[in-house]
Structure formats: C-alpha cells, structure tokens
Amino acid sequence: MPGAEWSAAAEQRFDVNLSILFTELPLLERPAAAAAAGFTAVELWWPWADSPTPGQSALDGLRKAVEDAGVRLTGLNFYAGQLPGPDRGALSIPGEESERFRANVEVAADFAESLGCPALNALYGNRVDGVDPAEQDALALENLTLAARAAHRIGAILLVEALNRPESPRYPLVSAPAAVRVVDAVNAATGLGNARFLMDLYHLSRNGEDLPAVIERYAARTGHVQIADDPGRGAPGTGSLPLADLLGRLRKAGYAGWVGLEYKPGDRPSAEVFDWLPAEARPAR
C-alpha cells in the first residue's frame, strides 16, 4: 500500500521519465504505457543518442505517440551524446560533439514547441584530457546562450543540471552552487532570464549536499525537480532519502513545477514500480 507519507502527494505534479522507465518497451510504446499507469505527463532524454538531427519520420512518429497517448511532454534534453553511457553532454566538448549539439538546438526546440514542452535540459559535458577547462567553459557558455535563445523562442526555459561526482567524476557541475553559477552566467549573457536550475535530489544526495539547505537557498531559482531514492537510484522507499519530506519543503518554499520520476525500476516491470504513489496523485492537475 502507498505510504502514509505520500498522502499529500496530490499537491505535486509528477511526470514519468521515459528514458529510464518503461525502457523494456520500444520508444513509441512508452507514452501509452505511462498513461496506462495513470500518468498524464512524461519527460525524455534526447531519444536518438546517435543522431542530433534524426529524420522527420522519426520525429513525427514520436510526436504522434505522445499525442495519441494523451500525455503531455513536460521536459526534453538536448542532444547529450551516449546517454545512458559514457557521455554526460556535448556542449562543452570542442570539435565534433559541440558541433552536433549546435546542430540539435533548433531541432530539439522545434520538436518541443510542437508538443508544448515548457523545458529543455542542456547537459554540460565531461572534462576532456588536454583541454584547458577555461576553454571548455567558454565554449559551454557560448552554446548555452544559443540554447537559451532557442528555448526563449518557443516560450520555454533552459535547464542546467548538477550531476554527482561518484557516478560522473569528469563532469564539472557536481554541486548545486556550481550549476547555479552557470545559470547565472547564461542569464547574464542573454538578458533573457530563462535559464533555471534543475534540482535532481538523487544527484545532490550522492554528492553529500545538505538537501534542506539547498531547497531553502535555490527553490526560487529551480525550473524542474527530479527524484530517485538513494542509495540505488530506485523508486521512493527503496533507499533512505526522505523524499516526501523534501518535496514538502519544496512546496513550502514556493516550488510549484513538475517533479520528474527519474528512477530505475530494478528487476520489476516499470508498470509495477509506482505503488508508492497513490493512484489519485498520478494524473497531473
């Protein structure tokens, strides 16, 4: 039975990340599977890890699958390389990967616009041996500025995410303050004010951050939240993170945005790993 701690969960707006849940199904079947589990909103990493510019038929097929399922796309990553896999983004990596990110910016923005998606996430990318970090950071700011302007064109926000050092040791944004500094730099460069922090509570927990303090300090600058339990990156209740309490703190701090379920299903089918969440809390308001 759902835990009593989630009795107030209907106050949240949850979406299902279809790049980590329902991956036992083909991509085009996942939106309907999320709908069958009771959800009305989904998010995605860039679905074509090998192509920043997939053919129109691929884009149209995914758009139709989302529309036919009756779910809303609430978040989409820009091209980020092999994810899941060895990569952690492309935009700060000189050469071909940065060029692939740039080629993807308008493609991803147009796709997001076609589905009314309000948020685009740009993963920073790993440090590269032999490249000055300052050079990578300058390239990152240039590319994030392009991404922020594309997001602004479609009325969306640009998200900048902190990952965790144990799992992403070459990723430079491994704390909330580090990611927020990049958010500030992008907003200063564009003057648009549409760059926001993506607060992933799992990653921040893995970094050993004081989560209540992070929430208090950065809730007003947060554009999206993602959750998984820690340790294990499983469903709420499989680890020791007090996720219900943390989301309650976010609500009290004024956060009213989406909460992405970005956790691993473990050895169960994805449809069976939502028992922690009352059925009435799954459809978004």
Side-chain angles (χ1 to χ4, degrees), residues 17-20 23 27-28 30-31 42-66 73-128 131 135-161 163 168 171-173 179 182-183 185-186 189-190 192 194-196 198 223-224 226 260 262:
N17 188 302
L18 297 182
S19 298
I20 193 169
T23 58
L27 174 64
L28 299 189
R30 297 176 202 170
V42 299
E43 61 180 53
L44 282 162
W45 303 340
W46 184 248
W48 301 279
D50 59 345
S51 176
T53 55
Q56 192 61 45
S57 62
L59 294 163
D60 290 345
L62 180 55
R63 182 184 303 108
K64 185 176 187 299
V66 171
L73 182 66
T74 59
L76 177 68
N77 282 17
F78 287 106
Y79 170 79
Q82 294 295 319
L83 188 72
D87 299 326
R88 296 293 186 271
L91 62 90
S92 69
I93 299 176
E96 182 180 353
E97 277 300 273
S98 175
E99 292 169 5
R100 286 162 72 87
F101 176 83
R102 291 188 186 208
N104 172 252
V105 165
E106 295 298 335
V107 176
D110 286 346
F111 183 78
E113 182 180 32
S114 73
L115 286 167
C117 177
L120 289 157
N121 183 28
L123 286 171
Y124 202 85
N126 289 327
R127 291 303 193 203
V128 178
V131 178
E135 177 186 341
Q136 284 196 255
D137 292 340
L139 177 62
L141 182 57
E142 184 179 336
N143 284 334
L144 285 167
T145 297
L146 293 174
R149 289 176 175 150
H152 178 74
R153 173 177 65 79
I154 67 166
I157 59 173
L158 174 73
L159 298 170
V160 177
E161 181 176 7
L163 302 184
S168 303
Y171 190 82
L173 308 184
V182 172
V183 168
V186 174
T190 65
L192 298 173
N194 69 327
R196 306 296 295 276
L198 195 167
H224 189 59
Q226 291 173 331
E262 197 186 51

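Remember, predicted model here, so these are calculated numbers, not experimental data.
Residue pairs satisfying the salt bridge (charged side-chain N to carboxylate O under 4.0 Å, His left out) criterion with at least one member in residues 140-149, sequence neighbours excluded, are listed as follows: R102-E142.
Residues forming a ring-ring contact (aromatic ring centres under 6.0 Å, His included) with F78 (at least two apart in sequence, or on another chain): F101. With sequence neighbours excluded, the residues that form a side chain to side chain contact (heavy atoms under 4.5 Å, CB included) with E113 are D110, R153, I154. By the ring-ring contact (aromatic ring centres under 6.0 Å, His included) test, W48 pairs with W46, sequence neighbours left out. Shown here are the salt bridge (Lys or Arg N to Asp or Glu O under 4.0 Å) partners of R127, two or more places apart in sequence or in another chain: D137. Among residues two or more places apart in sequence or in another chain, the side-chain hydrogen bond (donor to acceptor under 3.5 Å, both in side chains) test is passed with T190 by none. Legend: residues meeting salt bridge (Lys or Arg N to Asp or Glu O under 4.0 Å) with E262, ordered by chain and number and at least two apart, are R233. Partners of A49 by side chain to side chain contact (heavy atoms under 4.5 Å, CB included), not counting sequence neighbours, listed by chain and number: Q82. Partners of E97 by salt bridge (Lys or Arg N to Asp or Glu O under 4.0 Å), not counting sequence neighbours, listed by chain and number: R100. Every side chain to side chain contact (heavy atoms under 4.5 Å, CB included) that A189 has, sequence neighbours left out, goes to L141, T145. By the salt bridge (Lys or Arg N to Asp or Glu O under 4.0 Å) test, E135 is found to be paired with no residue, residues two or more places apart in sequence or in another chain being considered. In this structure R196 satisfies the side chain to side chain contact (heavy atoms under 4.5 Å, CB included) test together with I157, L159, sequence neighbours excluded.
Side-chain atoms of L146 and N143, non-hydrogen and from C-beta on, do get closer than 4.5 Å to each other. Contact check for I93 versus V131: no side-chain heavy atoms found under the 4.5 Å cut-off. Two residues are said to be in side-chain contact when any heavy atoms from C-beta on lie closer than 4.5 Å; N17 and Q226 meet this criterion. Contact check for P94 versus L139: side-chain heavy atoms found under the 4.5 Å cut-off.
Here the shortest heavy-atom pairing between A151 and N194 reads CB-ND2, 3.8 Å. A195 and V186 get closest at one heavy-atom pair: CB-CG1, 3.9 Å. A156 and A119 make their closest contact through CB-N, 4.1 Å (heavy atoms, listed as atom of the first residue, atom of the second, distance). For A65 against P31, the heavy-atom pair with the smallest separation is O-CB, 3.7 Å. Shortest non-hydrogen contact noted between V160 and A179 is CG1-O, 3.9 Å. Between L120 and A108, the shortest heavy-atom contact is CD2-O, 4.2 Å.
Looking at E43, its side chain never comes within 3.5 Å of a backbone N or O of T74 through a donor-acceptor pair. No side-chain donor-acceptor contact under 3.5 Å links Y124 to the backbone of Y171.
Taking CG from N121 and NE2 from H224, the interatomic distance works out to 8.0 Å, rounded to the nearest 0.5 Å. Annotation: the span from L73 atom CG to L62 atom CG amounts to 7.5 Å, rounded to 0.5 Å. Between N77 atom CG and L44 atom CG the span is 8.5 Å, to the nearest 0.5 Å. The distance from atom OG of S98 to atom CD of Q136, rounded to the nearest 0.5 Å, is 10.0 Å.
Each of L123, L173, L163 was compared with R88 under the side chain to side chain contact (heavy atoms under 4.5 Å, CB included) criterion, and only L163 meets it. Residue Y79 is tested with T53, N104, L91 for a side chain to side chain contact (heavy atoms under 4.5 Å, CB included); the sole match is N104.
The neighbour count for Q56 CD, taken as heavy atoms of other residues, nucleotides or ligands under 6.0 Å away, is above 12.
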